[in-house]
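The structure under discussion appears below in the form of structure tokens.
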There are 2 protein chains.
Amino acid sequence: MAQPALIDDNSGGDDTQGNEAQGNGVELGALHGILGFHIRLAHGAVYRHFTETFADLELTQKQVSMLWLVGDHPGIAQIDVGNLLRMDRATTMTIVNRLQDRDYLRRERSSSDGRKQALYLTAGGEAALEQAKLCIDAHEAWLKSRFTEQEIEKLVEMLARIHD
Amino acid sequence: MAQPALIDDNSGGDDTQGNEAQGNGVELGALHGILGFHIRLAHGAVYRHFTETFADLELTQKQVSMLWLVGDHPGIAQIDVGNLLRMDRATTMTIVNRLQDRDYLRRERSSSDGRKQALYLTAGGEAALEQAKLCIDAHEAWLKSRFTEQEIEKLVEMLARIHD
DNA sequence: GCCTATTTGTTAGTAGAGCATACAATTATG
DNA sequence: CATAATTGTATGCTCTACTAACAAATAGGC
């Protein structure tokens, strides 16, 4: 069938969440007990579905997160965005650069601290963010569909214990 | 203090798990409710700690996972490793190539199916895997230290619901 | 058996994200 | 004021992941 890489194309219509590793009799073994391993696999699955969902908008996770943060905090400094998203300065640069090139974001020297770049959404950026939030809703619905409200709360709380 | 990027160097000795985003009065806001966002941040934190832990061995997550799988299943086909680790064929190739170049792994045409490459650990590969498992223990201990046994079980089960 | 489709491996090229390093400009500190 | 720290910037490297194209082997339909 020449599947397109790992993306679950779901073109069949009614197949049941076909994400399982088609173990050819081969199993994970002791690797199954490794928590970090499950986090990586879960992240990969989320990443792939995100990429699919945002294929039309051509936005990545980091780009959306950054648009979102700048939308919530106009004038936020580059360094603060980086800190909140756990990116170093160099990585933050590349994301801001891309969004600026696409005219979604603009930089402005901070008046209170000349070292900082204050970030603002352009009109295009606000429109893109609006679109993106709709996609996020769909993406999150897909992700959360397998959990109860309580489970989601517990899961978020546990994940926060890892990254906080 | 010129921190080395995002790695928590922990050279102070007794500082308390300094992973929090030093919010300059800036908060995540609605982004906090996004489950996918927490998965990404948690993955990032795990990834960074893993990289630190394996700096001496110079092994990545994928490389360790592959060594582990091949150790557990001598003669496993490349494609099956890829499926279990959710990598496409091209990505699997680069990982196998690197491990082969370092003489940790060897390829052998499968006798039962001429299309498949059966993978085996070399002596060096077995030694590396042994070392790696010690590092994994340390890494997992760091990760699991913030949870009870029951929480870990629940967390693994929930993460599996995402990637299975 | 034969023709065709599928599977598997391979190569080459692209892109995103992350990191280190070095430097400049600005601000903070003793 | 001199020095240190912070922030932004530029460059270069690595790892992961993907696409596309091709070759070899196998599987399936007739």
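Just so we're on the same page: letters track the sequence lines, and every chain starts at 1.
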**OP:** Please determine if A:D137 and A:K144 form a salt bridge, counting it only when a charged side-chain N lies under 4.0 Å from a carboxylate O.
**Re:**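 No, no charged N to carboxylate O under 4.0 Å.
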**OP:** In plain terms, say whether B:E157 and B:R161 are close enough for a salt bridge, that is, a side-chain N and a carboxylate O under 4.0 Å apart.
**Re:**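 Answer for the salt bridge query: yes.
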At less than 4.0 Å, is any side-chain N or O atom of [X] found next to OP1 or OP2 of [N]? Yes or no.
{"X": "B:R98", "N": "D:dT16", "result": "yes"}
{"X": "B:R109", "N": "D:dA24", "result": "no"}
{"X": "B:Q63", "N": "D:dC15", "result": "no"}
{"X": "A:K62", "N": "C:dG18", "result": "yes"}

Rounded off to whole Å, could you give me the [atom1]-to-[atom2] distance for the [X] and [N] pair?
{"X": "B:Q61", "N": "D:dA17", "atom1": "CD", "atom2": "C1'", "value": "14 Å"}
{"X": "B:Y47", "N": "D:dT14", "atom1": "OH", "atom2": "P", "value": "13 Å"}
{"X": "A:M93", "N": "C:dT21", "atom1": "CE", "atom2": "C1'", "value": "15 Å"}
{"X": "A:D88", "N": "C:dG18", "atom1": "CG", "atom2": "P", "value": "8 Å"}
{"X": "B:I76", "N": "C:dT8", "atom1": "CD1", "atom2": "C1'", "value": "14 Å"}
{"X": "A:R86", "N": "C:dC19", "atom1": "CZ", "atom2": "C1'", "value": "17 Å"}
{"X": "B:D101", "N": "D:dT14", "atom1": "CG", "atom2": "C1'", "value": "15 Å"}
{"X": "B:I79", "N": "D:dA24", "atom1": "CD1", "atom2": "C1'", "value": "15 Å"}

Verify, without hydrogens or angle tests, whether [X] (side chain) and [Y] (backbone) share a donor-acceptor contact under 3.5 angstrom.
{"X": "B:E140", "Y": "A:L35", "value": "yes"}
{"X": "A:R109", "Y": "A:R115", "value": "yes"}
{"X": "B:H43", "Y": "A:I39", "value": "no"}

**OP:** Assess whether one donor atom and one acceptor atom, taken from the side chain of B:R89 and the base of C:dG9, lie less than 3.5 Å apart.
**Re:**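 Looking at the base of C:dG9, it does pair with a donor or acceptor on the side chain of B:R89 (distance under 3.5 Å).
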Where the side chain of [X] is concerned, which of [options] is the nearest nucleotide?
{"X": "A:R115", "options": "D:dT7, C:dA17, D:dT9", "result": "D:dT7"}
{"X": "B:T91", "options": "C:dA20, C:dT26, D:dT16", "result": "D:dT16"}
{"X": "A:T60", "options": "D:dC15, D:dC18, C:dG16", "result": "C:dG16"}
{"X": "B:A90", "options": "D:dG8, C:dA12, C:dA28", "result": "C:dA12"}
{"X": "A:D113", "options": "C:dT27, C:dG18, C:dG9", "result": "C:dT27"}

Subject >> Closest-nucleotide 5' rank along DNA chain C - winner of A:I95 and B:R107 >> reply: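 By nearest-heavy-atom nucleotide position, the 5'-most residue is B:R107.
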Original post:
Hey, does A:R40 reach any base, or is it just sugar-phosphate, or nothing, if we go heavy atoms under 4.0 Å?
Top reply: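 It contacts nothing in the nucleic acid.
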